[in-house]
Amino acid sequence: MIIAIAAAPTIDRQAAATKLAVDEARIVADPGRALVQSRGFQTMYEVPRDLQTELRLQLFDLHAAELDKGGDVVFDHCVAEWIADWMRWHWAALSTRAWDAACAKAASLAKRYDKVEWLSDGPKRGYDGYFWLDEPNARQIAELLPFVLQKLGAKT
């Protein structure tokens with residue numbers, strides 16, 4: 001079974017991931033922090049525009065590689081969150097055709113999930129230097145997520 005967790009950036013997903021990881025399913029953490037730090041930045045939001053587009057697309061490739069490993073897995077993140085964040089912060093950086101291609105790639109990944117576990121509430125994520133914990137931003141991402149999940153064809 002492949003489960004992805006979708007939630008606002010302020011929600012800690014660790015307890016939910018652990019609960020969902022039955023029968024020795026592996027838990028896969030969001031690779032965003034490591035990818036951004038490998039380029040010398042702390043957060044996605046400080047990465048220059050062109051490189052940010054490249055890194056956002058690389059996240060899809062990293063996610064596909066984890067999906068390709070097979071087996072039971074719980075992702076503590078969801079490709080829909082990346083799209084919602086992209087829509088909130090970086091959408092204007094792409095042409096319409098490039099955006100359609102990014103969404104098509106995200107949809108091909110989301111359709112591989114057996115289930116998306118939507119966390120509308122939960123314990124607050126502590127500051128870690130990567131995730132932005134601004135409440136208005138989190139609310140806006142959360143408002144986009146149901147639409148994005150539907151657009152991507154994810155099973156919720």
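Just so it is clear, the model here is predicted, and its values are computed rather than measured. Positions are given from 1, in the same order as the sequence printed here.
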Rounded to the nearest 0.5 Å, how far apart are [atom1] of [X] and [atom2] of [Y]?
X    : Y    : atom1 : atom2 : answer
Q140 : R88  : CD    : CZ    : 4.0 Å
I141 : I83  : CD1   : CD1   : 11.0 Å
R39  : L51  : CZ    : CG    : 5.0 Å
L94  : R56  : CG    : CZ    : 9.5 Å
T10  : L133 : OG1   : CG    : 7.0 Å
D61  : L35  : CG    : CG    : 10.0 Å

> Is the number of heavy atoms from other residues, nucleotides or ligands under 6.0 Å of K151 NZ greater than 12?
Replying inline: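 Incorrect, the count does not exceed 12.
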
>> Heavy-atom count check: over 12 atoms from other residues, nucleotides or ligands less than 6.0 Å from Q150 CD?
In response: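 Open.
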
>> Using the rule given for side chain to side chain contact (heavy atoms under 4.5 Å, CB included), can you reason through Q14 versus R125, listing the C-alpha separation, both sets of side-chain angles and the distance that settles it, and then say yes or no?
In response: CA-CA 9 Å; Q14 189 58 46; R125 179 180 263 157; over 6 Å; no

I'd like to know if the side chain of [X] reaches the main chain of [Y], judged simply by a donor and an acceptor atom lying under 3.5 Å from each other, with no hydrogens or angles considered.
X    : Y    : value
E46  : Q42  : yes
D76  : D30  : yes
E81  : A7   : yes
K111 : A154 : no
D72  : M1   : yes

Return the minimal non-hydrogen interatomic distance between [X] and [Y], and the atom names on each side.
X    : Y    : result
L149 : A80  : CD2-CB, 3.5 Å
P9   : N137 : CG-ND2, 4.0 Å
Y113 : C78  : CE1-SG, 3.7 Å
A110 : V79  : CB-CG1, 3.8 Å
A21  : A25  : CB-O, 3.7 Å
G71  : I2   : O-CG1, 4.1 Å

Contact between [X] and [Y] at the side-chain level, heavy atoms closer than 4.5 Å - yes or no?
X    : Y   : value
K124 : D12 : no
W132 : T43 : no
I3   : F75 : no
L119 : I5  : yes

[X] and [Y]: same hydrophobic cluster, using ILVMFWY side-chain contacts below 4.5 Å?
X    : Y    : result
W118 : V28  : yes
V73  : I27  : no
W89  : F147 : no
L57  : V36  : yes

One thing to verify: whether [Y] and [X] come together as a salt bridge, which I'm taking to mean a side-chain N less than 4.0 angstrom from a carboxylate O.
X    : Y    : value
R139 : E135 : no
R13  : E117 : no
R112 : D68  : yes

Establish, yes or no, whether a centroid distance under 6.0 Å links the rings of [X] and [Y].
X    : Y   : result
Y45  : H90 : no
F131 : H77 : no
W99  : W91 : yes

>> Please evaluate residues R33 and Q37 with respect to the criterion side-chain hydrogen bond (donor to acceptor under 3.5 Å, both in side chains), reporting the C-alpha separation (whole Å), side-chain torsions for both, the decisive distance (0.1 Å), and the verdict.
In response: CA-CA 6 Å; R33 175 197 314 257; Q37 289 179 348; 5.4 Å; no

>> Applying side chain to side chain contact (heavy atoms under 4.5 Å, CB included) to M87 and V148, what does each step give before you reach the verdict?
In response: CA-CA 10 Å; M87 291 169 74; V148 173; 3.6 Å; yes

> Could you walk me through whether V116 and K155 pass the side chain to side chain contact (heavy atoms under 4.5 Å, CB included) check?
Replying inline: CA-CA 6 Å; V116 175; K155 299 172 197 96; 6.0 Å; no

> Would you call the rings of W82 and H63 parallel, tilted or perpendicular if under 30° counts as parallel and over 60° as perpendicular?
Replying inline: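 Perpendicular, since the angle between the ring planes exceeds 60°.
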
